[in-house]
Amino acid sequence: MNQDEIIKMTEDYVKKELEKESSGHDWWHTDRVRNMAKSIAKKEGGNLFIIELASLLHDIGDWKLVVGDESVGPNMAKGWLKKLKVKNNIIDEVSDIIANVSFKGANYKNKMKTIEGKIVQDADRLDAIGAIGIARVFAFRGHHGGQMHDPDIKPKVNKTVEEYKRMDNTAINHFYEKLLLLKDRMNTETAKKIAEERHEFMEEFLKEFFKEWKVK
Ligand code: ADP
Ligand code: NI
């Protein structure tokens with residue numbers, strides 16, 4: 001099987017797996033991450049085959065969706081790529097990226113090492129901010145239950161990894177606990193520039209949100 005065929009088969013597999021996902025991690029999120037990662041790679045370099053495979057597989061079996069087990073995602077990706085007889089070193093690189101891609105609170109130290117991983121992580125994080133990022137937070141909260149906003153509950157930026165993983169925040173507090181932190185955590189210069197604009201849009205949204213909330 002050549003690389004294009006492997007990508008196409010992987011795309012079909014992921015589409016099927018994520019078809020019914022409704023917490024903001026649906027197939028179109030994956031597709032946007034893949035397109036963004038490829039676009040960033042044009043400027044930043046990196047092995048495109050690894051970047052595309054890791055982008056496509058990054059949310060398969062995510063720990064937030066599969067009862068908190070972080071090894072499920074990377075293992076599912078490994079199993080799939082083995083079936084397609086992808087070379088072992090590529091499989092290792094891809095599953096390593098998937099294992100390290102996720103944001104786990106402001107205190108968690110990023111362990112992404114390779115340029116391919118940094119690009120996929122940036123692309124995933126860019127999809128968490130801006131207009132689409134805003135839409136996804138509320139989709140996530142709707143899916144998992146919980147509140148849109150409660151003025152009596154203040155955000156807690158310095159959550160421990162364990163606290164962050166409880167995911168018991170309001171949608172609005174998630175902006176302060178994650179989304180507004182992302183622009184300063186981009187790995188590549190290309191992503192930093194895109195993040196600035198999306199960040200401003202979120203600031204604008206929050207300003208308007210609180211303005212409307214306050215009307216007496
Ligand atoms: P990462 O790509 O860092 O793993 P996640 O999968 O945690 O990102 O989150 C993707 C998106 O899902 C977030 O950007 C947000 O929109 C939503 N989300 C994740 N966790 C929460 C949460 N605790 N509260 C509200 N939204 C969340
Ligand atoms: Ni993702």
Side-chain angles (χ1 to χ4, degrees), residues 14-15 17-18 21-37 40 51-70 72-74 76-77 94 97-112 117-150 153 155-157 159-187 191 195 198-199 201-202 205-206 209:
V14 173
K15 244 186 216 164
E17 284 284 327
L18 297 177
E21 158 49 42
S22 59
S23 75
H25 297 79
D26 53 274
W27 158 250
W28 293 111
H29 160 66
T30 291
D31 191 46
R32 290 191 301 271
V33 170
R34 179 250 301 258
N35 292 335
M36 178 59 84
I40 296 173
I51 289 173
E52 191 155 7
L53 283 180
S55 300
L56 284 171
L57 291 163
H58 87 274
D59 265 342
I60 283 280
D62 188 289
W63 60 269
K64 283 174 290 338
L65 315 174
V66 194
V67 290
D69 185 341
E70 290 175 29
V72 173
M76 276 175 82
V94 170
I97 294 174
I98 297 167
N100 288 305
V101 77
S102 202
F103 181 87
K104 300 192 185 83
N107 282 324
Y108 184 76
K109 199 167 161 353
N110 190 8
K111 298 195 185 87
M112 201 61 97
K118 287 177 178 174
I119 289 173
V120 174
Q121 189 173 52
D122 279 357
D124 192 27
R125 290 181 172 180
L126 284 172
D127 208 57
I129 61 178
I132 287 178
I134 294 170
R136 291 181 68 216
V137 188
F138 293 99
F140 183 98
R141 260 303 133 231
H143 180 91
H144 288 279
Q147 301 232 285
M148 172 175 87
H149 178 50
D150 181 341
I153 306 174
K156 190 172 175 202
V157 177
K159 279 185 173 167
T160 63
V161 175
E162 288 317 309
E163 281 174 317
Y164 182 83
K165 281 186 177 176
R166 269 187 235 135
M167 305 189 290
D168 55 359
N169 51 284
T170 66
I172 289 294
N173 283 351
H174 197 60
F175 283 83
Y176 300 94
E177 291 166 8
K178 173 184 177 187
L179 308 188
L180 294 170
L181 309 177
L182 292 181
K183 93 169 160 49
D184 293 327
R185 289 165 188 245
M186 293 293 156
N187 300 300
R198 296 187 181 191
H199 183 91
F201 188 81
M202 288 194 296
F205 166 80
L206 288 168
F209 185 96

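Every number for a ligand or one of its atoms is a count from 1 in the order of the listing. All heavy atoms count here, side chains included; hydrogens, waters and symmetry mates do not.
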Problem set entry | the Ni ion (ligand 2) to nearest N/O/S of H25 less than 2.8 Å | no
Exercise. For ligand 1, which atoms have a heavy atom of D124 less than 4.0 angstrom away?
Worked result: 1 (P), 2 (O)
Problem set entry | N, O or S atom within D59 nearest to the Ni ion (ligand 2), by name | OD2
Exercise. Closer than 4.0 angstrom: is that true for some heavy atom of E177 and an atom of ligand 1?
Worked result: no
For this session: Step through it carefully: locate the ring centre of H58, locate the ring centre of H29, and say whether they are under 6.0 Å apart.
Result: yes
Exercise. What atoms in ligand 1 come closer than 4.0 Å to a heavy atom of F103?
Worked result: 1 (P), 3 (O), 4 (O)
For this session: Give the numbers and elements of all ligand 1 atoms closer than 4.0 Å to a heavy atom of H25.
Result: 5 (P), 6 (O), 9 (O), 10 (C), 12 (O)
Exercise. Can you list the atoms of ligand 1 that are under 4.0 Å from a heavy atom of S102?
Worked result: 1 (P), 3 (O), 4 (O)
Problem set entry | E177 to P155 - nearest heavy-atom pair and separation | OE2-CA, 3.6 Å
Exercise. Among pairs that include at least one residue of residues 126-139, which meet salt bridge (charged side-chain N to carboxylate O under 4.0 Å, His left out), considering only residues two or more places apart or in two chains?
Worked result: R32-D127, D127-R136
For this session: Please name the pair of heavy atoms, one in N110 and one in N100, separated by the smallest distance, quoted to 0.1 Å.
Result: OD1-O, 4.2 Å
Problem set entry | Element-labelled atoms of ligand 1 that are located less than 4.0 Å from some non-hydrogen atom of A128 | 14 (O)
Exercise. Of all N/O/S atoms in D124, which lies nearest to the Ni ion (ligand 2)?
Worked result: OD1
Exercise. If you measure every N/O of D59 against every N/O of ligand 1, is any gap under 3.5 Å?
Worked result: no
For this session: Go through ligand 1 atom by atom and flag the ones less than 4.0 Å from a non-hydrogen atom of L179.
Result: 14 (O)
Exercise. Is the shortest heavy-atom distance from the side chain of N169 to the side chain of K159 under 4.5 Å?
Worked result: yes
Exercise. Going by the angle between their ring planes, with limits at 30° and 60°, are F138 and F209 parallel, tilted or perpendicular?
Worked result: parallel
For this session: Identify, by atom number and element, the atoms of ligand 1 in contact range of M167, meaning under 4.0 Å from any of its heavy atoms.
Result: 23 (N)
Problem set entry | For K178, atoms of ligand 1 separated by under 4.0 Å from a heavy atom | 1 (P), 3 (O), 5 (P), 7 (O), 8 (O), 9 (O), 10 (C), 13 (C), 14 (O)
Problem set entry | salt_bridge(R34, D31) N-O dist < 4.0 Å | yes
Problem set entry | Check against side chain to side chain contact (heavy atoms under 4.5 Å, CB included), K156 and Y176 | CA-CA 8 Å; K156 190 172 175 202; Y176 300 94; over 6 Å; no
